[in-house]
Colleague: 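Dropping a structure here in structure tokens format, bear with me for questions.
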There are 2 protein chains.
Amino acid sequence: MAGIEEVAKLAGVSTATVSRALSGRGHVSPGSKAKVIEAATQLGYVVSSNASSLASGRTRNIGVVIPFLNRWFFSSVLEGAQQALLRKGYDLTLYNLSGDGNERVSVFEHFLLRQRVDAVIAVSLELTEREVTRLHDLGKPLVGVGGPIPGVRTLTIDDVAVARLATEHLIGLGHTRIAHIGGQLEFDLDFHLPTNRRLGYEAALLDAGIEVDPRLFAPADFTIKGGYHAAKQLLGVPRDRPTAIFAASDEMAIGSILAARDLGLVVPRDVSIIGIDDHDLADFFGLTTVAQFPRLQGEKAVEILMEQLEPDADAAAPAATPLPYELIVRSSTARPAPVD
Amino acid sequence: MAGIEEVAKLAGVSTATVSRALSGRGHVSPGSKAKVIEAATQLGYVVSSNASSLASGRTRNIGVVIPFLNRWFFSSVLEGAQQALLRKGYDLTLYNLSGDGNERVSVFEHFLLRQRVDAVIAVSLELTEREVTRLHDLGKPLVGVGGPIPGVRTLTIDDVAVARLATEHLIGLGHTRIAHIGGQLEFDLDFHLPTNRRLGYEAALLDAGIEVDPRLFAPADFTIKGGYHAAKQLLGVPRDRPTAIFAASDEMAIGSILAARDLGLVVPRDVSIIGIDDHDLADFFGLTTVAQFPRLQGEKAVEILMEQLEPDADAAAPAATPLPYELIVRSSTARPAPVD
DNA sequence: ATGAAAGCGCTAACAG
DNA sequence: CTGTTAGCGCTTTCAT
């Protein structure tokens with residue numbers, strides 16, 4: 001492992017110049033820079049990140065705290081963040097807080113504070129005030145994705161508007177008996193999206209002069225299986241069956257499609273189904289949905305952090321761009337069958 | 001941020017003793033140790049990992065190189081590794097090599113060599129000899145999961161045996177026209193599992209005196225969609241339809257189940273279907289499968305690294321435990337319908 | 001069992 | 001634009 005000193009010697013300059021030439025901070029004459037780079041590549045020199053971090057206080061490493069790895073939304077956010085960071089020359093250290101609160105304390109107290117990271121991205125985790133304060137006091141930027149953190153810049157789609165759009169799509173097709181599969185209450189703890197989506201659904205209904213019928217709501221756990229069972233309840237009633245279902249996630253919507261099939265119903269002839277996400281499987285199932293773009297959310301979180309970590313850059317993204325979402329109409333929604 | 005010196009002062013000992021007491025290496029009297037711990041917690045002291053790494057040469061950080069994040073097998077391995085590492089007090093730095101080879105070079109040359117990690121876990125990536133050599137030269141232990149790396153300790157289930165078990169399950173039920181949905185050739189590049197699974201399938205057939213019929217093989221890309229299309233091909237033939245399908249992954253098996261349904265076939269009455277994985281969705285679809293346990297594989301990879309990084313520990317796992325797999329019979333397989 | 005002190009390899013003033 | 005030099009905060013010999 002060649003060190004900076006050898007590079008300096010080979011290039012015929014001082015170690016300071018090597019450091020400057022390689023890191024890009026401070027001015028170096030083109031000539032020296034070329035010689036340094038030449039020497040560095042020749043020796044296969046790579047900075048020791050520890051020495052560099054210790055001396056500079058910067059780690060070029062971002063911590064990502066995330067509750068699940070095996071769900072579409074989360075792995076997509078992670079992927080987006082990872083790629084954006086890689087491009088910027090940053091590493092990503094992963095803290096998967098799937099387990100109990102114990103794990104969580106340990107991560108905060110012992111890991112994040114170890115000076116391992118320059119900043120933190122918290123995905124769908126409601127941090128406590130104490131946790132936020134700790135990070136702020138350390139001067140570590142923090143950005144949230146997919147969940148509201150008081151006092152912290154957070155990226156979330158407008159869940160109310162998205163749910164409203166989905167519901168209005170069904171209303172526009174002529175549906176009036178529209179069921180909703182939403183989140184269970186527990187899910188509201190860390191991110192309030194179930195409630196917000198339900199609110200958007202109800203608002204759309206009311207605006208259209210349709211009464212909200214509590215019997216048309218079924219809770220589920222955001223999985224295919226959960227959506228399947230919820231939809232069976234909703235669609236299994238002998239009379240006044242809903243003609244459409246708005247599920248708060250694509251996985252639950254897909255479960256609903258499978259449930260409808262098992263009940264002998266044809267989608268969309270007998271029942272229209274719409275979700276939220278634009279999950280990988282949505283296309284395969286012909287699911288109409290409102291796309292959110294989690295990869296983009298991950299990338300954007302990185303951008304925001306970069307603005308704070310490296311303010312020099314040409315002041316890119318305007319601070320408060322709303323996150324995009326988009327109705328994608330496939331074959332799971334249609335006009336309701338005419339009443340005989 | 002209290003430093004080690006303040007802790008030493010408060011505890012009335014030297015910084016060296018603090019270091020020893022907190023890290024556990026070297027002997028410290030119980031009395032001093034208690035005082036140090038007391039002082040450290042009181043001050044909220046946390047070591048600076050950079051300073052520690054720089055001085056000791058150890059980072060307590062493991063790099064995980066992985067090609068996908070959004071697939072069940074990979075996210076499960078990652079989850080297992082993450083949890084095991086967390087328990088050991090290690091961090092996990094993630095390198096997602098989804099993109100082109102360019103990214104890959106960059107990761108190796110600039111990231112892994114920066115002294116950021118003590119060891120590397122490579123998931124389903126066939127590293128080049130050069131890459132392996134680089135890491136070895138740096139004294140960084142390396143373990144592979146799910147793919148063969150020449151000259152490196154690798155954890156993989158015995159794909160041939162697993163495929164054979166799945167096929168024998170079908171044969172045992174009385175099937176003789178057994179189709180196979182396997183991987184496309186491209187997938188064989190980085191991990192040879194498609195070929196190995198096909199080999200196991202053919203071996204089981206031959207052992208049972210059943211001829212291997214190349215028309216009963218269809219390639220796919222390990223997704224539900226891919227399995228769906230492959231199965232349609234296989235099951236759509238007008239005569240001599242296979243009575244069973246062995247898919248090389250659960251996702252393809254699930255696609256097959258959906259294809260069968262769309263063709264008006266009842267599973268398992270008209271066609272039996274078996275997969276490999278025990279994917280999250282397998283239970284929901286009643287899929288018979290051979291479970292592999294990717295979380296466990298991730299954990300095991302960590303164990304192996306720990307043995308090398310911290311040889312002191314009570315010599316745990318015997319080196320060459322084979323990875324477990326297990327036939328899980330659900331409702332997608334049954335005796336073939338009697339020939340009329 | 002403990003303390004003193006010499007670095008680990010680099011960066012950032014500072015001076016020139 | 002470039003070199004000199006003092007640390008960054010800890011770990012680890014080496015004594016004691």
Side-chain angles (χ1 to χ4, degrees), chain A residues 1-37 39-40 43-61 89 110 113-116 118 138-139 309-310 312, chain B residues 1-37 39-40 43-61 89 110 113-116 118 138-139 309-310 312:
Chain A
M1 283 265 67
I4 199 173
E5 207 138 345
E6 304 170 54
V7 177
K9 197 169 298 168
L10 183 56
V13 296
S14 72
T15 60
T17 300
V18 173
S19 174
R20 284 191 280 253
L22 262 28
S23 71
R25 28 187 97 242
H27 285 214
V28 183
S29 76
S32 311
K33 186 160 181 173
K35 274 187 296 187
V36 169
I37 290 175
L43 294 172
Y45 169 77
V46 183
V47 294
S48 153
S49 58
N50 288 312
S52 170
S53 301
L54 182 56
S56 70
R58 281 172 267 98
T59 64
R60 294 188 79 77
N61 186 31
H110 299 312
L113 303 177
R114 274 202 241 171
Q115 313 244 44
R116 265 261 165 85
D118 287 340
L138 264 63
L309 292 174
E310 301 176 355
D312 49 88
Chain B
M1 285 268 61
I4 198 173
E5 205 139 347
E6 304 171 53
V7 177
K9 197 170 301 171
L10 183 57
V13 297
S14 73
T15 61
T17 301
V18 173
S19 174
R20 284 191 278 253
L22 260 29
S23 72
R25 29 187 96 243
H27 285 216
V28 182
S29 74
S32 312
K33 185 159 183 175
K35 273 187 296 184
V36 169
I37 289 175
L43 294 172
Y45 170 77
V46 183
V47 294
S48 153
S49 57
N50 288 312
S52 170
S53 301
L54 182 57
S56 69
R58 281 173 266 99
T59 64
R60 294 188 78 78
N61 187 30
H110 299 314
L113 304 178
R114 276 203 240 170
Q115 315 241 41
R116 265 257 162 86
D118 288 341
L138 264 62
L309 293 174
E310 300 176 355
D312 48 89

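Here is the naming used below: chain letters follow the sequence lines, and residue numbers restart at 1 for every chain.
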Colleague: May I have the distance from B:Glu5 (atom CD) to C:dG3 (atom P), rounded to whole angstrom?
Modeller: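 Checked: the CD to P distance equals 13 Å.
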Colleague: Starting at atom NZ of A:Lys33, determine the distance to atom P of D:dT2, rounded to an integer number of angstrom.
Modeller: 11 Å
Colleague: Atom CD of A:Gln115 to atom P of D:dG9: distance rounded to whole Å?
Modeller: 8 Å
Colleague: In Å and rounded to the nearest 0.5 Å, what is the CZ to CG distance from B:Arg58 to B:Asp118?
Modeller: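 The CG atom of B:Asp118 is 8.0 Å from CZ of B:Arg58, to the nearest 0.5 Å.
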Colleague: State whether a side-chain donor-acceptor pair under 3.5 Å links B:Ser14 with B:Thr17.
Modeller: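 Yes, a side-chain donor-acceptor pair sits under 3.5 Å.
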Colleague: I'd like to know if A:Arg60 pairs up with A:Glu310 as an ion pair, taking the criterion as any Lys NZ or Arg NE/NH1/NH2 lying under 4.0 Å from an Asp or Glu carboxylate oxygen.
Modeller: yes
Colleague: Mapping A:Gly3 and B:Val28 onto DNA chain C by nearest heavy atom, which one lands closer to the 5' end?
Modeller: B:Val28
Colleague: Can you find a heavy atom in the side chain of A:Ile4 that is under 4.5 Å from one in the side chain of A:Val47?
Modeller: no
Colleague: Mind checking the CG-CD spacing from A:Asn50 to A:Gln115? Nearest 0.5 Å is all I need.
Modeller: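 A:Asn50 atom CG to A:Gln115 atom CD measures 12.0 Å (nearest 0.5 Å).
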Colleague: Take atom CG of A:Asp118 and atom P of D:dC8, then tell me their distance rounded to the nearest Å.
Modeller: 19 Å
Colleague: Does a side-chain N or O of A:Ser48 approach OP1 or OP2 of C:dC8 to a distance below 4.0 Å, or not?
Modeller: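 For A:Ser48, the contact criterion (side-chain N or O under 4.0 Å from OP1 or OP2 of C:dC8) is not met.
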Colleague: Please check the phosphate of D:dG3 (OP1 and OP2 only) for any side-chain N or O of A:Ser14 closer than 4.0 Å.
Modeller: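 Yes, A:Ser14 has a side-chain N/O under 4.0 Å of OP1/OP2 on D:dG3.
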Colleague: Going by side-chain hydrogen bond (donor to acceptor under 3.5 Å, both in side chains), name the residues that satisfy it together with A:Ser32, two or more places apart in sequence or in a different chain.
Modeller: A:Ser29
Colleague: What integer distance in Å separates B:Leu54:CG from D:dG9:C1'?
Modeller: 9 Å
Colleague: Contact between B:Ile37 and B:Leu22 at the side-chain level, heavy atoms closer than 4.5 Å - yes or no?
Modeller: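 SC-SC contact between B:Ile37 and B:Leu22 confirmed.
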Colleague: Could you state the NE2-P distance from B:His27 to D:dT12, rounded to the nearest angstrom?
Modeller: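 Checked: the NE2 to P distance equals 14 Å.
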Colleague: Provide, to the nearest angstrom, the distance between the CZ atom belonging to A:Arg60 and the C1' atom belonging to C:dC10.
Modeller: 15 Å
Colleague: At under 4.0 Å between heavy atoms, how does the protein contact nucleotides 11-16 of chain C? Give one character per nucleotide, 5' to 3', with B, S or -.
Modeller: SBB---
Colleague: Is A:Thr17 close enough to D:dG3 that one of its side-chain N or O atoms is under 4.0 Å from OP1 or OP2 there?
Modeller: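 Yes, within the criterion.
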